[in-house]
Amino acid sequence: MCNSSGAVDAARNRPNRSCSETEATCAHATIRFISDDGDADTGNDATLDFVNISNRLTSDNLPNGFGPNADGTADPDHFKIEIDDTDKGGGTIAAAEVTLEVLKPNAAGELEPFNPPRRLQVECRRVSGSTGGTENKYRSRYLRLVTDTEDQNEKPDQCLLADWDSTAPDVEILDQTLRVTYPASNGVTLTREAAVGQESDQRRLRLVIHVVRQNPGVAGSGPVTPADATTRLRKWFRRCYAQACVSPKLMAAVDEVDPPRNLLVVSNNAGANAAGNADNWMRFFIRDVEKITYTVVRGDSLNRIAQRHEVPNWNTIYSYADNADFRLLRPNPNLIHPGDQIVIPAHNGRVAVVYHPPSGESPLQTAEALAQRVQTAGLTGRAFQNAPRPGDAQGSADFLVTRADGSRVTLEDESSQDNGQTLYIARVTATDFLVSSNDAAGGFATHNIGTAEQRALVRNYRGADDRLECFVVDTVRYDNDPAHYIRGRAVLPNAFRPAAEQPELPLLRSTYTAGDTMDGTDNNPFTFPHECGHVVMDVFHAGENHQMMRSGTSGNNGVAESKRIYNTNVAFDGMGAASPLDQVSRLRTSGAPVLEGW
């Protein structure tokens, strides 16, 4: 038997596919995978050691004939089987004699068939002009590798399935092998193997998926299970991205996370400075905190301090055990001074953070001041400057509160009496999760900052910056249009837009998808791959309906649905001179920060 050398590529755990041509028994016949260049001269057609997944509509440009055809060669991922058998007579090699099969690697790195087998019996016909004894070449029709049965069934005699395997879900589509077998007329059985996907082009796309619980602390209360989300990734994401020689790499198991309630925004969206008007105090509450320290300002009294902290009686504060030093300093409770430090005990299970921003203080300065105040409650506060939205002179600031032990922090009841600055708590819920809306031109310019709810998720749960951070919630809707529900949203680099409209980490390279796109059904199969495509390709929407990046992905699978990633130029909206573009090349360049070699 003339077959693969038997050596194993240890890094890939699968056999090398070089076919030995040195055995004497192979001298009478050869078999190979070829790319038909459409020319009648068969001597110029390249031998293939890999076959890529086709990204074309199966119903288009796949001619039924056996000879060269311009439509067939238009698909760069096509292939044919060529047999040169000097002892074969007649014009046809019957389909029963030529077996084309996709094999998968097992744990030992050996190739084995799928169950049931993924095979195609391939008829080959004598190439016009070849003669027995000197050139006895037979070729198949144009063939394609596809990743789902809908495409295969469209052209069952010319399409072979290279799909994920539900019985061995860790087996990659791009780790499978294509083998053709032919019993030559001299009694020798020939085989030839080719990789599924060009190995030098293969990449892994690093990502993490978090399922946001509907009930904090309650396992299994997310809109989908981690197992269902994992299956969606393995099945539908692999199928789509195999067209570009890319496969997902989960950097950690899909997990469940609580909806955070620990991020407060100063001057949400507008980025306004403090006015410093009379009696300009602002306040929010932290639940399950024992006490906090307050700094007296001009005009304060113990009674006013108690009222603003919602403590029923000023004497409760004055007589609090932790204020012993304060009582020695101020034996007359009616005589307190700016700068005095007073410990405020919790009331009804929470404490208030009260602050008076001075005139002209920026959102970041206010957030930093609030961060210092929560330290006295045994918490950690961190301030973050947000980029301005398009048209704003200055960005807002985020203020994140956490505990050292990682337990949940709950902020509530924010208010501001300042005429300039506002306070806003990001109330993240799995249901009706708020995302930024499209800009006036239908693009993603406002995604450079997202919503407070988006930032709350990524500031709490983002890991390393070299991956996509993906969140699954129950429902997604626009922040400026509560009635507008969508299936997903992504934050893409916007490298083709002005610098002020380009998002920053941690928001950059994040996605947010609804539960009905990641559940245990096959509904909305292309939404998650589509949202990730926004990020790694840095594109808006394709104008062709069958493209994965079209606006409004298909709700079901089918031959003409939105699952194609063309490696020829496709027009995209809102991208100016950057469109049209080759999506595969774009993925490899724009997606480089989250891609790695196989």
Side-chain angles (χ1 to χ4, degrees), residues 260-286 292 294-295 297 308 352-377 379-402 409-428 434-437 439 445-460 462 479-480 491 494 498-508 510:
R261 191 66 63 86
N262 64 339
L263 184 132
L264 182 144
V265 190
V266 181
S267 294
N268 190 37
N269 297 346
N273 291 339
N277 50 289
D279 208 23
N280 69 326
W281 57 282
M282 52 179 55
R283 179 181 70 182
F284 63 92
F285 290 84
I286 311 175
I292 195 167
Y294 174 75
T295 301
V297 298
R308 289 178 177 171
V353 178
V354 178
Y355 177 58
H356 303 262
S359 176
E361 186 167 84
S362 70
L364 180 62
Q365 290 171 323
T366 299
E368 290 171 337
L370 294 174
Q372 293 176 355
R373 278 154 179 75
V374 302
Q375 314 282 45
T376 65
L379 306 171
T380 297
R382 289 175 289 167
F384 304 92
Q385 177 67 61
N386 294 320
R389 286 179 180 260
D392 291 337
Q394 180 175 247
S396 62
D398 287 342
F399 164 58
L400 188 71
V401 186
T402 57
V409 176
T410 301
L411 307 183
E412 55 192 28
D413 291 347
E414 74 278 24
S415 62
S416 175
Q417 304 301 315
D418 188 87
N419 290 341
Q421 287 184 340
T422 60
L423 296 184
Y424 174 77
I425 294 171
R427 291 170 171 82
V428 176
L434 297 175
V435 297
S436 56
S437 60
D439 63 19
T446 57
H447 292 194
N448 70 321
I449 184 173
T451 62
E453 288 73 22
Q454 288 175 265
R455 299 196 304 274
L457 281 180
V458 295
R459 294 203 189 282
N460 274 282
R462 188 172 189 94
D479 59 340
N480 68 343
V491 179
N494 272 358
E501 297 177 6
Q502 296 174 13
E504 301 173 349
L505 289 165
L507 197 66
L508 177 59
S510 60

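Values below: all heavy atoms of this structure, side chains included; hydrogens, waters and symmetry mates excluded. Throughout, residue positions are numbered sequentially from 1 according to the sequence presented.
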Between [X] (side chain) and [Y] (backbone), is there a donor-acceptor pair under 3.5 Å?
X	Y	value
R283	R308	yes
D413	F285	no
R427	P260	no
Q385	S396	yes
S267	A270	no
N448	P388	yes
N268	T422	no
T451	L434	yes
N277	N419	yes

* Evaluate the side chain to side chain contact (heavy atoms under 4.5 Å, CB included) criterion for residues V266 and L423: first the C-alpha distance (whole Å), next the side-chain angles of each, then the deciding distance (0.1 Å), finally the verdict. => CA-CA 5 Å; V266 181; L423 296 184; 4.1 Å; yes
Can you measure from [atom1] ([X]) to [atom2] ([Y]) and round to the nearest 0.5 angstrom?
X	Y	atom1	atom2	result
E453	S436	CD	OG	11.0 Å
R389	E501	CZ	CD	12.0 Å
L263	I425	CG	CD1	9.5 Å
N269	Y424	CG	OH	9.0 Å
L411	I286	CG	CD1	6.0 Å
R373	I292	CZ	CD1	9.0 Å

For [X] and [Y], test the side chains for any donor-to-acceptor distance below 3.5 angstrom and give the result as yes or no.
X	Y	answer
Q394	N273	yes
S437	N480	yes
Q454	S510	no

Looking at every heavy atom in both [X] and [Y], which two are closest together, and how far apart are they?
X	Y	answer
P358	A274	O-CB, 3.4 Å
P506	R462	O-NH1, 3.1 Å
V265	A452	CG2-CB, 3.6 Å
D418	G276	OD1-N, 2.9 Å
S359	A275	OG-O, 3.3 Å
I449	A387	CD1-O, 3.3 Å

* To do: Could you tell me which residues satisfy side-chain hydrogen bond (donor to acceptor under 3.5 Å, both in side chains) with Y355, sequence neighbours excluded, listed by chain and number?
  =>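 Listed in chain order: E361.
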* Taking only residues two or more places apart in sequence or in another chain, which ones pass side-chain hydrogen bond (donor to acceptor under 3.5 Å, both in side chains) with S416? ->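 For S416 there are no side-chain hydrogen bond (donor to acceptor under 3.5 Å, both in side chains) partners, ignoring immediate neighbours.
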* Asked: For V374 and F399, what are the C-alpha separation, side-chain angles and deciding distance, and is it a side chain to side chain contact (heavy atoms under 4.5 Å, CB included)?
  -> CA-CA 11 Å; V374 302; F399 164 58; 3.5 Å; yes
* May I ask you to test the L370-F284 pair for a side-chain heavy-atom distance under 4.5 Å? =>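 SC-SC contact between L370 and F284 confirmed.
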* Per the side-chain contact (heavy atoms from CB on, under 4.5 Å) rule, which among N386, L400, V428, N460 passes with R455? ->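 For R455, the side-chain contact (heavy atoms from CB on, under 4.5 Å) check succeeds only for N386.
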* What's the verdict on side chain to side chain contact (heavy atoms under 4.5 Å, CB included) for N280 and Q421, showing C-alpha distance, side-chain angles and the deciding distance? -> CA-CA 9 Å; N280 69 326; Q421 287 184 340; over 6 Å; no
